[in-house]
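Down below is the structure, laid out as structure tokens.
Every value quoted in this text rests on a predicted model; they were computed, and no experiment measured them.
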Amino acid sequence: MITFLIFQLGGATEEIYEFNKLGSWTFKEVSKVYAQGGFLFVGTPEGLKILNIITLKDSVKGIQLPEYRAGTRPMGIAYYKGVVYVGVNKLTAPEVSVVNFTDGKLITSIPTSGNIVSLSVSSNYLFVLTSLGIEVYNISDPKDPQNEANLVFSSGAALSMYASYPYVMIALGQDGLVILKMEGKSLSKVYEYKLPDGNPVLDVSPYGSYVYVAAGKGGIKILNITSQNPIAGEVKTDKPVSRVFVYGKYLLASLGDGGLVMYSLSNPANPTPVAYYSNGMFLYDIAVYSDVVALAFGTGGIITLKSKLLK
């Protein structure tokens, strides 16, 4: 049984186990965070804000970090070789803004066919998940991104993805998990699986041959995609899981207003809970850099936690 340290915070209860609270940052509303190279990329209602993930300040040694005011909330954020890719569903049309990290200036824009759901970068490729399907761009030259492949979904609502070139895993809700492989200028389906209990797939994150699935009706399903009987295990939770995120040998899961749970993957088919944080607010997103975990709490802003387990 896990014993929690409980603190009273202005009437709210904060529960911490095996985490140390590092800092907090309050803004109007934060539902998207992304960490890379010691920086925290934050989606705000106006666009993109960049913070030092350790200090949560928007400057480093007195030098102001850039921001990109897109005029609307980013649906996806990715970083690659000094360039930030910001997916925004503007009133005019959805697009990926290609932004210079150094000064926050727009380099170019990539129009998309459907509303953007999320972004991911792997190798020289930008994967754009939309309401209609997936689009892949070669970003070797960020000034001139080239469309490499597209695939329109015949059914299902795309909710999230994990990309590791040439593969991309997509959570399709009631249509389950789909894995695509990019070959040349085409995307082909190499794996698909619907949860037998009818649970929708909300999010996916792999660890070797295992895939951890956030199930819409609660819990985490563990799939071994090399097995004829893919269900390898299950983690039961008191609250529905909306986000799963593998970092190193640990699995982090968002339980909405149930907070964050971190599991050890020493036995991948049977994750063991080793750390927990909750403050009663709804947890929208998770980002990790080194031993720091950044959590997006909507109107509650950002809270960062430090864990010696992640070192």
Side-chain angles (χ1 to χ4, degrees), residues 2 4 15-19 30-35 75-76 117-118 120 129 156-162 169-179 193-208 210-225 230-288 293-298 300 303 305 307 309-310:
I2 295 178
F4 301 110
E15 302 177 5
I16 305 175
Y17 179 77
E18 289 294 345
F19 281 119
V30 177
S31 58
K32 179 70 66 177
V33 286
Y34 170 83
M75 301 305 296
V117 177
S118 66
S120 185
L129 188 66
L159 300 174
S160 67
M161 70 173 166
Y162 174 90
M169 299 180 176
I170 301 173
L172 281 175
Q174 294 291 346
D175 282 350
L177 166 70
V178 172
I179 302 178
Y193 185 74
K194 292 183 181 181
L195 297 178
D197 59 2
N199 247 313
V201 175
L202 304 185
D203 196 20
V204 296
S205 192
Y207 183 72
Y210 292 92
V211 177
Y212 300 92
V213 170
K217 296 179 182 178
I220 302 169
K221 304 290 187 183
I222 304 162
L223 308 182
N224 184 341
I225 59 175
I231 297 290
E234 179 180 10
V235 175
K236 294 185 178 180
T237 59
D238 294 335
K239 300 276 188 174
V241 178
S242 58
R243 179 91 161 89
V244 285
F245 184 87
V246 172
Y247 187 84
K249 297 181 180 180
Y250 294 92
L251 170 68
L252 295 92
S254 165
L255 276 64
D257 60 5
L260 170 75
V261 180
M262 187 166 77
Y263 301 87
S264 167
L265 298 180
S266 54
N267 179 354
N270 187 28
T272 305
V274 292
Y276 176 85
Y277 175 80
S278 178
N279 58 13
M281 294 184 289
F282 193 93
L283 175 56
Y284 288 92
D285 203 9
I286 305 165
V288 185
V293 181
L295 306 176
F297 283 106
I303 289 176
L305 309 172
S307 172
L309 296 174
L310 292 172

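Taking the side-chain contact (heavy atoms from CB on, under 4.5 Å) definition, one finds that Asn224 meets it with Ser209, Tyr210, Thr226, Ser227, Ala232, sequence neighbours left out. Every residue meeting the salt bridge (Lys or Arg N to Asp or Glu O under 4.0 Å) condition with Lys194, not counting sequence neighbours, appears here in chain and number order: Asp175.
Residues Leu309 and Tyr250 meet the side-chain proximity criterion, which asks for heavy atoms closer than 4.5 Å. Side chains of Leu195 and Val201 form a contact here, defined as non-hydrogen atoms less than 4.5 Å apart. Annotation: side chain of Lys217 is in contact with side chain of Pro200 (closest heavy-atom distance under 4.5 Å). Residues Tyr212 and Leu265 meet the side-chain proximity criterion, which asks for heavy atoms closer than 4.5 Å. In this structure, the side chains of Val244 and Leu251 come closer than 4.5 Å at one or more pairs of heavy atoms. Contact check for Val261 versus Thr237: no side-chain heavy atoms found under the 4.5 Å cut-off. The side-chain heavy atoms of Val293 and Tyr247, taken from C-beta on, include no pair separated by under 4.5 Å.
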Carefully, step by step, assess Val246 and Tyr162 under the rule side-chain contact (heavy atoms from CB on, under 4.5 Å).
CA-CA 11 Å; Val246 172; Tyr162 174 90; over 6 Å; no
Take Val235 and Ile222, measure what side-chain contact (heavy atoms from CB on, under 4.5 Å) needs, and give me the verdict at the end.
CA-CA 8 Å; Val235 175; Ile222 304 162; 4.2 Å; yes
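The distance from the CD1 atom of Ile16 to the CG atom of Leu260 is 11.5 Å, given to the nearest 0.5 Å. Separation of atoms CG (Asp285) and CG (Leu295) is listed at 9.0 Å; rounding is to 0.5 Å. One distance of note links CD1 of Ile220 with CD of Glu234; it measures 9.5 Å at 0.5 Å rounding. The distance from atom CG of Asp257 to atom CZ of Phe297, rounded to the nearest 0.5 Å, is 10.5 Å. Between Met262 atom CE and Tyr276 atom OH the span is 14.0 Å, to the nearest 0.5 Å. With values rounded to the nearest 0.5 angstrom, Leu223 atom CG is found 6.5 Å from Tyr193 atom OH.
By the 4.0 Å N-to-carboxylate-O rule, Asp197 lies close enough to Lys221 to be salt-bridged with it.
When all heavy atoms are compared, the tightest approach of Gly216 to Pro240 is O-CB, 4.2 Å. The minimum heavy-atom distance linking Met169 with Pro206 is given by the pair CE-CB, 3.7 Å. In plain terms, the two heavy atoms of Ala171 and Val204 that are nearest each other are CB-CG1, 4.2 Å. Minimum heavy-atom separation, Glu18 to Ala275: CB-CB, 3.9 Å.
Although no hydrogens or angles enter the test, the distance criterion places a donor-acceptor pair under 3.5 Å between the side chain of Ser254 and the main chain of Leu283. Counting only distance, with no hydrogens or angles, the side chain of Ser242 and the backbone of Tyr284 share no donor-acceptor pair below 3.5 Å.
Atom CG of Asp238 has 12 or fewer heavy atoms from other residues, nucleotides or ligands within 6.0 Å.
The side-chain contact (heavy atoms from CB on, under 4.5 Å) with Met161 is formed by just one residue from the set Asp203, Leu129, Val117; it is Leu129.
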